[in-house]
Amino acid sequence: MAKLAPSILSADFGRLAEQIAAVEGEADLLHLDVMDGHFVPPISFGAEVVRAIRRRTRLFLDVHLMVRNPDQHVAPFVEAGADGVTVHVEVCPHLHRTLQRIREAGARAGVALNPSTPFDHSEQVLGDCDLVLLMSVNPGFGGQQFIPFVEGKIAAARGRLQALGAACELEVDGGIKPENCRAVAAAGASILVIGSAVFGSPDPAASLREIRRRLKGAS
């Protein structure tokens, strides 16, 4: 069954510790979207927020750098407690070197692709990746609708990973809800990032349990 990664971007930051505690027993990891106002329009939070979250949870912290210059941010976020750091292929002219820096800093390395970026843009570095993240919305804002063509991209990416013998996790982020989670997992996703469907609910833990219930039988 796919792992579930609630996205902190959709949480109430005025009650952040409480919201993390609410999903602690149901989530497999936490997804943290770091945005710089350049690669994507909004600004979200920096390494000090990750440090504060690290003090509140033992869950794996999956940091997604939606920033224009990821190399300068890798070390601060790993030092703050990130267990994994994912960078975008669209902003990394030396992607192999960036992924090596993440691993040398002591974190798992991931590469993210926007919806319109072909999966084969990541193939040369799969041996240096622990995770490939496929965006299923255009990055920058929570609460968007899943882009339909991404479901086929997930299936094709899963096929390529298997054909190449790559052991990467295949994470999907954007517009995932109880209504479509099973289709996304069945297409080949091994990690589902879920934001507003969890933290927009009055009972985030119950929302995660409902998604797990719907995932039963998906492969």
Side-chain angles (χ1 to χ4, degrees), residues 3-24 26-92 98-99 101-102 105-115 130-131 133-144 169 171-176 191-201 204-205 207-208:
K3 300 172 186 174
L4 302 184
S7 175
I8 293 298
L9 187 63
S10 295
D12 180 348
F13 273 63
R15 303 166 47 233
L16 190 53
E18 176 186 337
Q19 297 235 288
I20 291 169
V23 300
E24 182 92 29
E26 301 292 339
D28 298 295
L29 58 160
L30 288 179
H31 189 78
L32 283 64
D33 287 311
V34 175
M35 303 186 292
D36 66 352
H38 296 286
F39 178 60
V40 293
I43 297 172
S44 59
F45 52 82
E48 288 308 309
V49 172
V50 175
R51 194 182 310 278
I53 292 171
R54 176 77 287 163
R55 292 195 293 266
R56 292 290 182 173
T57 183
R58 295 182 180 179
L59 287 170
F60 185 100
L61 298 186
D62 174 33
V63 172
H64 175 196
L65 294 181
M66 288 186 275
V67 301
R68 184 171 290 174
N69 296 302
D71 287 77
Q72 71 186 43
H73 297 290
V74 168
F77 279 96
V78 176
E79 290 167 5
D83 297 298
V85 176
T86 297
V87 297
H88 272 262
V89 64
E90 296 87 359
V91 292
C92 288
T98 302
L99 295 171
R101 284 180 173 171
I102 295 170
R108 299 184 73 190
V111 60
L113 299 98
N114 284 339
D130 299 289
L131 176 147
L133 167 58
L134 300 183
M135 294 301 301
S136 44
V137 298
N138 290 301
F141 299 95
Q144 299 184 67
E169 296 269 19
E171 185 174 57
V172 178
D173 180 2
I176 298 176
I191 300 175
L192 305 181
V193 177
I194 310 163
S196 56
V198 171
F199 289 117
S201 162
S207 296
L208 286 171

Practice task
Decide yes or no for Ser10 and Val198: does some side-chain heavy atom of the first lie under 4.5 Å from some side-chain heavy atom of the second?
Solution key: no

Problem - Worked verdict on Glu171 versus Asp62 for side-chain contact (heavy atoms from CB on, under 4.5 Å) - result: CA-CA 11 Å; Glu171 185 174 57; Asp62 174 33; 2.6 Å; yes

Practice task
Work out which heavy atom in Gly175 is nearest to a heavy atom in Val137; give both atom names and the distance.
Solution key: N-CG1, 3.9 Å

Practice task
Tell me, yes or no, whether the heavy-atom count around Arg51 atom CZ, taken from other residues, nucleotides or ligands under 6.0 Å, exceeds 12.
Solution key: yes

Practice task
Look at the aromatic rings of His88 and Phe39 and report parallel, tilted or perpendicular, splitting at 30° and 60°.
Solution key: tilted

Handout entry: Spatial distance of atom CG (Leu99) from atom OG1 (Thr86) [nearest 0.5 Å]
Key = 9.0 Å

Practice task
Drop me the distance from Leu208's CG to Glu26's CD, to the nearest 0.5 angstrom.
Solution key: 6.5 Å

Fill in the blank from the handout: In this structure, CG of Leu192 is separated from CD1 of Ile176 (nearest 0.5 Å) by 4.5 Å

Exercise for the section: Take Leu30 and Phe60 through the test side-chain contact (heavy atoms from CB on, under 4.5 Å) and record every step on the way to the result. Expected result: CA-CA 6 Å; Leu30 288 179; Phe60 185 100; over 6 Å; no

Completion exercise
Rounded to the nearest 0.5 Å, the CG atom of Leu61 sits from the CG atom of Leu32 at a distance of 6.0 Å

Practice task
Keeping the roles fixed (side chain from Thr98, backbone from Asp71), state whether a donor-acceptor pair exists under 3.5 Å.
Solution key: no

Exercise for the section: Check whether any side-chain heavy atom of Ile8 sits under 4.5 Å from a side-chain heavy atom of Phe13, and report yes or no. Expected result: yes

Problem - Least distance between heavy atoms, Ala47 atom then Ala80 atom - result: O-CB, 3.3 Å

Handout entry: Salt bridge present between Arg68 and Asp36 (N-O < 4.0 angstrom)
Key = no

Fill in the blank from the handout: Heavy-atom nearest pair, Leu16 first then Ala11, reads CD1-CB, 4.0 Å

Problem - Asp173 side chain vs Met135 backbone, donor-acceptor pair below 3.5 Å - result: no

Handout entry: Closest non-hydrogen atom pair, Ser7 against Gly195
Key = CB-CA, 3.9 Å

Practice task
Measure from the side-chain N and O atoms of Gln144 to the backbone N and O of Asn138, and report whether any donor-acceptor pair falls under 3.5 Å.
Solution key: yes

Problem - pair Phe199-Leu9: side-chain heavy atoms closer than 4.5 Å - result: no

Completion exercise
dist Arg101:CZ -> Gln72:CD (nearest 0.5 Å) comes out at 10.5 Å

Practice task
Could you tell me which non-hydrogen atom of Pro204 sits nearest to which non-hydrogen atom of Val23, and how far apart they are?
Solution key: CB-CG1, 3.7 Å

Exercise for the section: State, yes or no, whether a side-chain contact exists between Val91 and Val87 at a heavy-atom distance under 4.5 Å. Expected result: no

Handout entry: Contact check, side chains of Arg108 and Leu131, non-hydrogen atoms, under 4.5 Å
Key = no

Practice task
Run the salt-bridge test on Arg54 and Asp83 with the 4.0 Å N-O cut-off and return the result as yes or no.
Solution key: yes

Fill in the blank from the handout: What one should report as the nearest heavy-atom pair of Ala82 and Val85 is CB-CG2, 4.1 Å

Handout entry: CG on Asn114 to CE on Met66, rounded to 0.5 Å
Key = 9.5 Å

Problem - Side-chain donor-acceptor pair present, Asp33, His31, cut-off under 3.5 Å - result: yes

